[in-house]
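Written out below as structure tokens is the structure these notes cover.
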2 protein chains.
Amino acid sequence: MARPTMEDVAEAAGVSRALVSLVMRNEPNVSAHRRQAVLEAADRLGYRPNVLARNLASHRTMTLGVMLNDLNNPFFAGALDGIAERAEAEGYQLMLTTGGKTVAGEAGALETMLRFHVDGLILVGARIPANEIVAAAAVSPTVLLGRALRSSEVDSVKNDEGVGSRLAVQHLVELGHQRIAHIDGGRGAGAAQRRAGYEKAMEAAGLAAFVEVVSGDFSEAGGVHGAATLLDQEAPPTAIFAANDLCAVGARSEIRRRGFSVPEDFSLVGYDNSVFAELGHLSLTSVSQPLAEMGHRAAELLFERLVCGRTEVVRHVVTPTLAVRATTGSPRGNL
Amino acid sequence: MARPTMEDVAEAAGVSRALVSLVMRNEPNVSAHRRQAVLEAADRLGYRPNVLARNLASHRTMTLGVMLNDLNNPFFAGALDGIAERAEAEGYQLMLTTGGKTVAGEAGALETMLRFHVDGLILVGARIPANEIVAAAAVSPTVLLGRALRSSEVDSVKNDEGVGSRLAVQHLVELGHQRIAHIDGGRGAGAAQRRAGYEKAMEAAGLAAFVEVVSGDFSEAGGVHGAATLLDQEAPPTAIFAANDLCAVGARSEIRRRGFSVPEDFSLVGYDNSVFAELGHLSLTSVSQPLAEMGHRAAELLFERLVCGRTEVVRHVVTPTLAVRATTGSPRGNL
DNA sequence: CATAACAATTAGAGCGCTCTAACGCAATGC
DNA sequence: GCATTGCGTTAGAGCGCTCTAATTGTTATG
């Protein structure tokens, strides 16, 4: 288990350690035959550069720290794909940590990454307090994904929740709906803005009188509960805009449990266009965030600071689209 | 951005660097007042230990490398929870990498972790060739999760696919099914064993004549295709056992598309008991692997080698159970 | 032919930490 | 009184690498 070091390779190749270092870093000014000799020796010995030592000496880790607050949420996996692609192109590694859905867990994960002296930080859907984020950003370039800090100097990438909500509402309005209710996402990231966007869009459509919000959260149970509340009413809505896909799935279950069908009796729109929405027989109409692109942009923002030395704050807002599927249709008139 | 070092803390606290080191490592033989002085100085300066330097000097990283081959598959997220819990209890960090669903990506991820000199490796659902796994295991203690290497000396934790398949078949047999077909998982991890288990269970139930396997894979599309093949037959099966949940979801879509219903016309069983299976309105009967426990065990095996110095190989097999939900019922007699 | 210019190579000083060995100093024993 | 013990502390040598500056060898230039 004693791993060969650069010194060993140098000796085996009959050159100095510095020359081996040059070869390993792919520096240009090395003669072809020496380069080959070094590579051969390294291969023969099974040499593997020690990233720790390299980083200690070079003050860079070539690693980005990515914190995901919930691995089970497809939102994060999608964003990660974009980040990974961009990072790989720049030759950076990723170190992933997860907050385990708790704020304390997130703080711990953040601390871990800072101790590893990662070159930059991408916090996806982070729920920790703003001051902790600012503190981290003061030490290491940081980009927030799916959240923004308006009061502080931290880069961010998020989608325009207002537009997303408007797309959902407009789509339903165009289909002829008026009684469009919203099951909100409680304290989830972006939930408040989705709700505000819904209310604004309803007003813009002249439907202020039909605004109706029931409380839920970003889970299936939240959707079940929200739908139950709505269906218990004397004059239930004809369409439901749920805070996210999981919530919509819950709402659909409840609708079906009561013997109604979608979209004949109720139209249903979700948010996130996650893997759930796409599942063939669910086929949920959903607001789609360009996750991969967002991840891409987040990594890009980091590199702008790391490589180009940008210092001014950038708050990037992307525009969601609507993926129309099988859960929306014209209202039946009345129930 | 110039981070304070241990030297700075030592100076600020009026002690030697070695003493600061002792305090940071929570070593016992330090007087209370000095310890406090050091902690205060560290806090005041915003000192954060440099894990890189620590690891270089101590030859340990206190970090486990975990490779997941697909973040989108809930199977992995579940296993990770178990790993994370155990690792945290031992004071170890996790470094996650993802193979991006490709073998080449897995190899790259593995190499990355080895260069970081992680203390141990857990490969979840790895698809890379056995010799590369053996090579990694020779350098760093390694545990395979969801796969086993019978020919080589590598620890592993996996579920008994044979039992899983048998549970599925027996359940269907008890409901009265005879024509039970299997949509297999192609080259996915464990697919071959699930298939073999299915065949064996069918024979054991005296249904050897009804054994029928159509090719699919661990995806929705595979399920759609497999179900289409089965339903096109003159005498279609009355029950379908799919290689995994996603595959089952695809099969269900196809069944529904053709105007049949589940479980009235066809019973359907999945595998993995993933988040898809639980979704209220899907409610898929599925073979359930104790994911968290498996992750737990995997981490445990690593610590046994790391801490206790175990050297003999352990191949741990856990027993799956069947989560019976709404997609299985008695056959209708005939179609 | 001496000299400048350049490419290829290397010596050596760290990077921030851990860890061994040794040190000072009090309490203890004879 | 002097050796013994043990705790609290520290000096100093690395860990495996990068990077600057110096050195060597080679070719073009006046």
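Residue numbering restarts at 1 for every chain, and letters A, B, ... go by the order of the sequence lines.
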Worksheet entry | Divergence of helical axes at both termini of the helix from C:dC1-D:dG30 to C:dC30-D:dG1 - five pairs an end, 10° steps |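 So the angle between the two local helix axes works out to 60°.
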
Practice prompt. Identify, between B:Leu19 and A:Arg48, the residue whose nearest nucleotide on DNA chain D lies closer to the 5' end.
Written response: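 Looking at the nearest nucleotide for each, B:Leu19 comes out on the 5' side.
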
Worksheet item: Which distance, rounded to the nearest 0.5 Å, do you find between the CG of A:Leu291 and the CG of A:Leu80?
Response: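 Going from CG on A:Leu291 over to CG on A:Leu80, the span is 11.0 Å.
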
Only counting residues at least two apart or in another chain, list the ones meeting side chain to side chain donor-acceptor pair (under 3.5 Å) with [X].
| X | answer |
| --- | --- |
| A:Thr112 | B:Gln93 |
| A:Glu85 | A:His296 |
| B:Arg60 | none |
| A:Asp119 | A:Thr61 |

Worksheet item: Which of residues 27-39 of chain B have a heavy atom under 4.0 Å from DNA chain D?
Response: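 Contacting residues: B:Asn29, B:Val30, B:Ser31, B:Arg34.
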
Discussion item. Please give me every residue in residues 8-18 of chain A whose heavy atoms get under 4.0 Å of an atom in DNA chain D, ordered by residue number.
Written reply: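 Within this stretch, A:Arg17, A:Ala18 sit under 4.0 Å of the strand.
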
Worksheet entry | salt bridge (charged side-chain N to carboxylate O under 4.0 Å, His left out) involving B:Glu90 - partner list, sequence neighbours excluded |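 With neighbours one apart ignored, the set is B:Arg86.
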
Worksheet item: Does atom CD of A:Glu88 have more than 12 heavy-atom neighbours from other groups under 6.0 Å away?
Response: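 No, not enclosed.
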
Worksheet item: With a cut-off of 6.0 Å (strictly less than), are more than 12 heavy atoms of other residues, nucleotides or ligands near CD of B:Glu11?
Response: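 At most 12 heavy atoms, drawn from other residues, nucleotides or ligands, come within 6.0 Å of this atom.
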
Fill in: side chain to side chain contact (heavy atoms under 4.5 Å, CB included) partner of A:Leu123, the single match among A:Leu145, A:Leu68, A:Ile133
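By the side chain to side chain contact (heavy atoms under 4.5 Å, CB included) criterion, A:Leu123 pairs with just one of A:Leu145, A:Leu68, A:Ile133: A:Ile133.
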
Discussion item. Under the side chain to side chain donor-acceptor pair (under 3.5 Å) definition, can you give me all pairs with a residue in residues 122-136 of chain A, not counting sequence neighbours?
Written reply: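 Qualifying pairs: none.
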
Worksheet item: For B:Leu52, which contact category applies under a 4.0 Å heavy-atom criterion: base, sugar-phosphate, or nothing?
Response: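 Nothing, no nucleic acid heavy atom in range.
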
Discussion item. If the condition is ring pair (Phe, Tyr, Trp, His ring centres under 6.0 Å), which residues does B:Tyr47 pass it with, not counting sequence neighbours?
Written reply: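 Checked B:Tyr47 against ring pair (Phe, Tyr, Trp, His ring centres under 6.0 Å); zero matches.
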
Worksheet entry | With A:Tyr92 via ring pair (Phe, Tyr, Trp, His ring centres under 6.0 Å) - residues at least two apart |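 So A:Tyr92 forms a ring pair (Phe, Tyr, Trp, His ring centres under 6.0 Å) with A:Phe303.
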
Practice prompt. Would you grab the first and last nucleotide of DNA chain D (5' to 3') that comes under 4.0 Å of any non-hydrogen atom in chain B?
Written response: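 Boundary nucleotides touching chain B, in 5' to 3' order, are D:dG8 to D:dG16.
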
Item to complete: Walk me through it: do B:Arg115 and B:Glu111 pass the test salt bridge (Lys or Arg N to Asp or Glu O under 4.0 Å)?
Response: CA-CA 6 Å; B:Arg115 290 186 177 197; B:Glu111 180 68 21; 3.1 Å; yes

